[in-house]
Amino acid sequence: MDEIIENRKKSEVLAEKINELSYGDFISHEEIASLIEEDYPSNKYTSTIAKAKKLLLKKHNKTLECVIGDGYRIIRPGDFVQQSLKHYKRGFNEMGKGYDILEHAPIKDMSKEEIETYRRVHDRAITLQAAMKGASVELKTLGEKKHPMALENIRNN
């Protein structure tokens, strides 16, 4: 095993091993730690997992979901949409935090130049915030199984 890992990156070895598994299969933290020869939990373990997930997705069209405290499960093809929506939601939440910081900025204590910069960013942030709210609702609606525009839900009169 040592010579395999020496000649290739640990993330590549892990991605190839996980690719051999089927959709829905589980791999424990202990199995992963043994395979990549890194302690769980550690920063090196976490970064190797992150790199392996990128390789797995881009090279093999597979992705993982964390089973907290136990390991990872390979996402079934039909669950890709819900998994992607989780990531979009996280991004929307982070953008909301940025917007809140701007909304509560102490403008009265800023210099004239800082206020000009603030206004330019704030104006764009308002537009972006509105677009993100709309996109969030749209993605959530489109991801529902009983979406009103799904072919099976459209009636011809």
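The shown structure was predicted, so the numbers you read here are calculated from the model rather than taken from an experiment. In this chain, residues are counted from 1 in sequence order. Note: hydrogens, waters and symmetry copies are ignored here, and every other heavy atom, side chains too, is used.
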message = Which heavy atom of Asn61 sits nearest to which heavy atom of Lys58, and what is that distance?
response = OD1-O, 4.5 Å
ask   = Taking all non-hydrogen atoms of both residues, which atom of Leu102 and which atom of Ala125 are closest, and how far apart?
value = CD1-CB, 3.6 Å
key: side-chain contact (heavy atoms from CB on, under 4.5 Å) between Met95 and Leu128, worked out   = CA-CA 9 Å; Met95 292 181 76; Leu128 183 58; 3.2 Å; yes
task = Kindly work out whether a path of hydrophobic side-chain contacts (I/L/V/M/F/W/Y, heavy atoms less than 4.5 Å apart) joins Leu14 to Tyr23.
result = yes
note = Between Gln83 and His87 the two heavy atoms that sit nearest each other are O-CD2, 3.2 Å
query = About how many Å separate CD1 of Ile49 and CD1 of Ile18, when rounded to the nearest 0.5 Å?
reply = 6.0 Å
key: Smallest separation among heavy atoms of Ser22 and Ile74, with atom names   = O-CD1, 3.5 Å
message = Using side-chain heavy atoms (C-beta onward) and a distance below 4.5 Å, is Leu85 in contact with Val81?
response = yes
For Met110 against Ala105, the heavy-atom pair lying closest together = CE-CB, 3.8 Å
request  = Report, as yes or no, whether the 6.0 Å neighbourhood of atom NE2 on His104 holds more than 12 heavy atoms from other residues, nucleotides or ligands.
outcome  = no
inquiry  = So, taking the atom named OG1 in Thr48 and the one named OH in Tyr40, what distance separates them when rounded to the nearest 0.5 Å?
reply    = 14.0 Å
ask   = Would a 4.5 Å heavy-atom cut-off, applied to side chains only, mark Ile75 and Leu64 as touching?
value = no
ask   = Does a sphere of radius 6.0 Å around OH in Tyr45 hold more than 12 heavy atoms from other residues, nucleotides or ligands, not counting ones at 6.0 Å or beyond?
value = yes
query = Say you draw a straight line from CD of Glu65 to OG1 of Thr63; how long is it, rounded to the nearest 0.5 Å?
reply = 9.0 Å
ask   = Where do Phe26 and Asp70 land on the side-chain contact (heavy atoms from CB on, under 4.5 Å) test, with the steps shown first?
value = CA-CA 9 Å; Phe26 172 82; Asp70 293 330; 3.7 Å; yes
Worked check of side-chain contact (heavy atoms from CB on, under 4.5 Å) between His122 and Glu103 = CA-CA 8 Å; His122 187 262; Glu103 281 296 294; 2.4 Å; yes
Pair His29-Tyr72, side chain to side chain donor-acceptor pair (under 3.5 Å): steps then yes or no = CA-CA 8 Å; His29 289 303; Tyr72 292 88; 5.2 Å; no
ask   = When you look at CG of Asn43, are more than 12 heavy atoms from neighbouring residues, nucleotides or ligands closer to it than 6.0 Å?
value = no
Val137 and Lys133: CA distance, side-chain angles, deciding distance, side-chain contact (heavy atoms from CB on, under 4.5 Å) verdict = CA-CA 6 Å; Val137 170; Lys133 288 272 190 204; 5.8 Å; no
request  = Enter the distance from His60:NE2 to Asn19:CG here, rounded to the nearest 0.5 Å.
outcome  = 4.0 Å
ask   = Any Lys/Arg nitrogen of Arg119 or Glu116 sitting under 4.0 Å from an Asp/Glu carboxylate oxygen of the other?
value = no
query = Is there a donor-acceptor pair closer than 3.5 Å between any side-chain N or O of Lys51 and the backbone N or O of Thr46?
reply = no
message = Pair Glu94, Lys97 - check salt bridge (charged side-chain N to carboxylate O under 4.0 Å, His left out), show working.
response = CA-CA 5 Å; Glu94 285 299 311; Lys97 290 177 188 176; 3.0 Å; yes
request  = Of all the heavy-atom pairs spanning Tyr118 and Ile107, show the shortest one and how long it is.
outcome  = CE2-CD1, 3.4 Å
query = Between Val121 and Ile126, is there a shared hydrophobic cluster once you connect ILVMFWY residues whose side-chain heavy atoms come closer than 4.5 Å?
reply = no
ask   = What distance separates Ile36 CD1 from Ser42 OG, expressed to the nearest 0.5 Å?
value = 7.0 Å
note = Taken to the nearest 0.5 Å, the spacing of Ser11 OG from Leu55 CG works out to 5.0 Å
request  = For Glu138 and Thr141, test the side chains for any donor-to-acceptor distance below 3.5 angstrom and give the result as yes or no.
outcome  = no
Test: Lys10 and Glu38 ion pair at under 4.0 Å = yes
